[in-house]
Amino acid sequence: MSLEIALFYLAALVSLSATVLTVTRTNASHALIYLIISLLAVALIFFLLGAPFAAALEIVIYAGAIMVLFLFVVMMLNLGRGSVEQERRWLTPKMWIGPGILAAVLLVELLYLIVGTEVMTPGIGVSPKEVGIKLFGPYLLAVELASILLLAALVGAFHLGRRYMRARREEIE
Amino acid sequence: MEPNTFLGIELGFIMIVPVLGGALAAAGLLVWWERRLLGFWQDRLGPNRLGPFGVLQIVADVIKLFTKDDWVPPFADRVVFTLAPAAIAAGMLMGFVVVPFGPGLAVIDLNIGVLFFLAMTAVTVYGVLLGGLASNNKYSLLGGLRTGAQMVTYEVFMGLSIMGVVLLSGSFSLNDIVRAQEGMWFVFPQALGFIVFFIAGLAETHRLPFDLPEAEHELAAGFHTEYSSMKFGLIMVGEYIGVILSSAMIVTLFFGGWLGPDFLPPIVWFTLKTAFFVCSFILLRAAIPRPRYDQLMSLGWKVLLPITLVNLLATGAIALLQQGA
């Protein structure tokens, strides 16, 4: 058990420091790499807490698909040295005051809640089958709503893309 | 879980050594084997000088790679450029963790084995993508971009094509999936799933005919244009490990894994079946020309996606019917 706790705190440390570095990096691609590492660490935490299914999906979907698209956009924007300089000018010490105060308020609230409530139950293993039964049982409506949202996004993207393609085709003709 | 120990150490820990060594050695051997096989199919000899049948060619190649100048371009992003090849090889090697080589012969039998494999192949995208980005070269960047789109696209079909197998066996654990095939290999009820998985496996390892990320006649060498010496070697090793991993997964998911008649031990059956698919990967390279990039993408979204969805629907309906009966 003590090994698990040590692994948990190690993963938490990695995740937190990677997230902080995500915010403070001036190079967009470096920031993204730290964000990916942070997601991988969070997946490890899920695994240690007994939710292997959530851990696997965290990597497959967040780290494996969504972040790839982020990186894709960064690559297409072709950000060079200029944008790093610009970021450096924006990230002045004065800029940190506002977000710092707001984050500190949340941190105090969180600490208060953690101290106030009883010890949370240590992770109970949840198998993929149980997750599936829950998703398509009591949470069916949420699944359907999420899929409708995705369908709407898909139709929207198709619509925008088609207009662009039509304009291109007329240009060629 | 039953206590599966050997000399007081858990079997999984011991398995790490042969799996790691075996995968790397097989990848090295495959470099030679591919060239010999391609030579045979193209009616020429291939490397046949060093050692019996030229099998020591890989030693010569490694010496050559090690003595080459390990050059990092001054305009590249140094740290990312150096780490990217390691990410490719490490991700592919991690995939072997869940592959069952025989009854109980796996590093770990996760109850999310299939998802773990998908997660690890998903992570290898970054090696290619970041390698292309960090090289700071237009060919590398284009190669990286192509990889990003190609791999994210084909991951979708790869995941969906496995779902039929998961439905039939009722488990994500690769060991359970192999055991569920004792009556019949899943390639028969899941023929469509197998075809899609095979094509997606080709695209995921970006092997010819789907090696558009490195298409040499249009992009120099694609994402690894700037790589030389052992960094290039690591990328190549990662690619060959990917081929072996894809073949091993095809065997496990669709061809009964280590199951086979009793006159040979299970691990030999597994190796033979995997070797067969590795050879068919090489045969495809020798036989089929490379499609255009948009053809690759439209094949994915317009043909493979509907096939997998229909396959999933039919499999689900049949599973439901059998449950009702």
Side-chain angles (χ1 to χ4, degrees), chain A residues 21 25-37 39-40 42-44 46-47 50-81 84 125-133 136 150 154 157-158 161 165, chain B residues 75 77 79-81 83-84 87 91 94 98 108 110-126 128-136 138 140-156 158-159 163 166-167 170-173 176 204 223 301 316:
Chain A
L21 286 166
R25 289 304 88 183
T26 47
N27 186 325
S29 57
H30 289 180
L32 272 177
I33 296 171
Y34 280 116
L35 188 52
I36 293 158
I37 292 170
L39 287 170
L40 293 180
V42 170
L44 195 61
F46 276 139
F47 194 84
F53 191 69
L57 287 194
E58 176 92 11
I59 300 183
V60 173
I61 295 173
Y62 281 95
I66 295 178
M67 295 320 291
V68 170
L69 293 183
F70 275 42
L71 201 58
F72 204 76
V73 172
V74 168
M75 285 169 95
M76 283 205 280
L77 291 178
N78 196 14
L79 305 168
R81 295 235 161 78
V84 175
V126 184
S127 74
K129 203 173 243 170
E130 287 166 53
V131 177
I133 290 167
F136 286 90
L150 287 176
L154 197 66
F158 176 69
M165 287 306 284
Chain B
F75 45 81
D77 188 337
V79 180
V80 182
F81 184 83
L83 286 178
M94 282 294 283
V98 288
I108 189 168
L110 283 174
N111 64 351
I112 49 157
V114 172
L115 289 174
F116 186 86
F117 160 73
L118 288 176
M120 287 306 123
T121 46
V123 169
T124 54
V125 183
Y126 288 113
V128 182
L129 215 53
L130 291 172
L133 179 63
S135 297
N136 215 349
K138 60 184 168 191
S140 302
L141 188 76
L142 283 172
L145 278 175
R146 282 184 177 186
T147 320
Q150 173 176 333
M151 287 179 83
V152 168
T153 304
Y154 277 82
E155 243 160 52
V156 175
M158 196 176 223
M163 287 311 129
V166 174
L167 250 171
S171 171
F172 277 117
S173 154
D176 291 352
E204 280 288 299
F223 69 95
W301 291 111

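Naming: A, B, ... by sequence-line order, numbering from 1 per chain.
- For A/Phe72, the CZ atom counts as densely surrounded, since its 6.0 Å shell holds more than 12 non-hydrogen atoms of other residues, nucleotides or ligands.
- Of the listed residues (B/Leu130, B/Val80, B/Leu118, B/Val79), the greatest number of heavy-atom pairs within a distance under 4.5 Å of chain A belongs to B/Leu130.
- Taking B/Gly170, B/Ala149, B/Gly159, B/Ala122 one by one and counting their heavy-atom pairs under 4.5 Å with chain A, the maximum is reached by B/Ala149.
- Using a 4.5 Å heavy-atom threshold, the side chains of A/Ile33 and B/Tyr126 count as separate.
- Considering every non-hydrogen atom in both A/Gly64 and B/Val152, the closest pair reads O-CG2, 4.3 Å.
- Put simply, of B/Leu145, B/Thr124, B/Leu115, B/Val156, the one with the most heavy-atom pairs under 4.5 Å next to chain A is B/Leu145.
- Within a 6.0 Å sphere centred on CE of B/Met94, heavy atoms belonging to other residues, nucleotides or ligands number 12 at most.
- Residues B/Ala119 and A/Ile59 approach most closely at CB-CG2, 3.6 Å, considering heavy atoms.
- Closest of all the heavy-atom pairs between A/Ser29 and B/Leu133 is CB-CD2, 3.5 Å.
- What you find for A/Met75 and B/Leu129 is that their closest heavy atoms are CE-O, 3.5 Å.
- Residues A/Ile36 and B/Val123 form no side-chain contact, since every pair of their non-hydrogen atoms from C-beta on lies 4.5 Å or further apart.
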